[in-house]
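First comes the structure, then the notes that go with it.
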Amino acid sequence: MALRLIGIDPNTGDDECPTVWYDDEADEIVVQGWKAAEKLRAKCLETGSIPDSEDVVRLPARMAPILRKACDAAEGTDVR
């Protein structure tokens, strides 16, 4: 696995930070975020089921530039 750190939420400390990586080998964006509360999970379930192999996580909107950078990495357009 060639996991490349893309960015960490700039407004949190060193521990338990929402984080985004890009896995070059699997060609996947990997996200660590806050667990969704039951109320949010229930709202998401209105769209469809959440398989046991998946979960709902939350990221602050301030991380949008980091997510864009991860998308650029996935599309091979990131500037290194």
Side-chain angles (χ1 to χ4, degrees):
M1 179 181 301
L3 201 58
R4 180 169 29 135
L5 175 65
I6 300 298
I8 298 173
D9 178 6
N11 287 14
T12 57
D14 294 333
D15 295 332
E16 303 176 16
C17 299
T19 305
V20 178
W21 300 267
Y22 177 65
D23 183 338
D24 293 325
E25 290 179 14
D27 194 26
E28 295 175 340
I29 296 170
V30 180
V31 178
Q32 172 187 327
W34 300 307
K35 289 183 178 181
E38 286 305 312
K39 186 175 181 179
L40 177 57
R41 285 181 57 82
K43 194 71 175 165
C44 292
L45 285 168
E46 292 175 9
T47 305
S49 66
I50 302 170
D52 288 340
S53 61
E54 298 179 11
D55 213 335
V56 176
V57 297
R58 301 177 304 118
L59 295 177
R62 64 181 168 263
M63 290 185 70
I66 294 169
L67 290 170
R68 282 189 200 99
K69 188 174 178 181
C71 291
D72 288 345
E75 293 177 335
T77 59
D78 62 323
V79 178
R80 295 185 178 136

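- For A37, the side chain to side chain contact (heavy atoms under 4.5 Å, CB included) criterion is met by no residue, not counting sequence neighbours.
- For C17 against I8, the heavy-atom pair with the smallest separation is CB-CG2, 3.3 Å.
- Atom CD1 of I6 and atom CZ of R68 lie 14.5 Å apart (nearest 0.5 Å).
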Exercise for the section: Would you sort out whether W21 and E28 count as a side chain to side chain contact (heavy atoms under 4.5 Å, CB included), showing the intermediate values? Expected result: CA-CA 9 Å; W21 300 267; E28 295 175 340; over 6 Å; no
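- One distance of note links CG of D9 with CD1 of I66; it measures 6.5 Å at 0.5 Å rounding.
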Could you pull out all donor-acceptor pairs under 3.5 Å where a side-chain atom in residues 42-59 meets a protein atom, sequence neighbours excluded?
unit_1	atom_1	unit_2	atom_2	d
K43	NZ	E46	OE1	3.4
D55	OD1	R41	NH1	2.4

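- Note that NZ of K69 is 14.0 Å distant from OH of Y22, once rounded to the nearest 0.5 Å.
- Between N11 and P60 there is no side-chain heavy-atom pair separated by less than 4.5 Å.
- By the 4.5 Å heavy-atom criterion applied to side chains, Q32 and P18 are not counted as neighbours.
- Here I29 contributes atom CD1 and R4 contributes atom CZ; the two are 10.5 Å apart, rounded to the nearest 0.5 Å.
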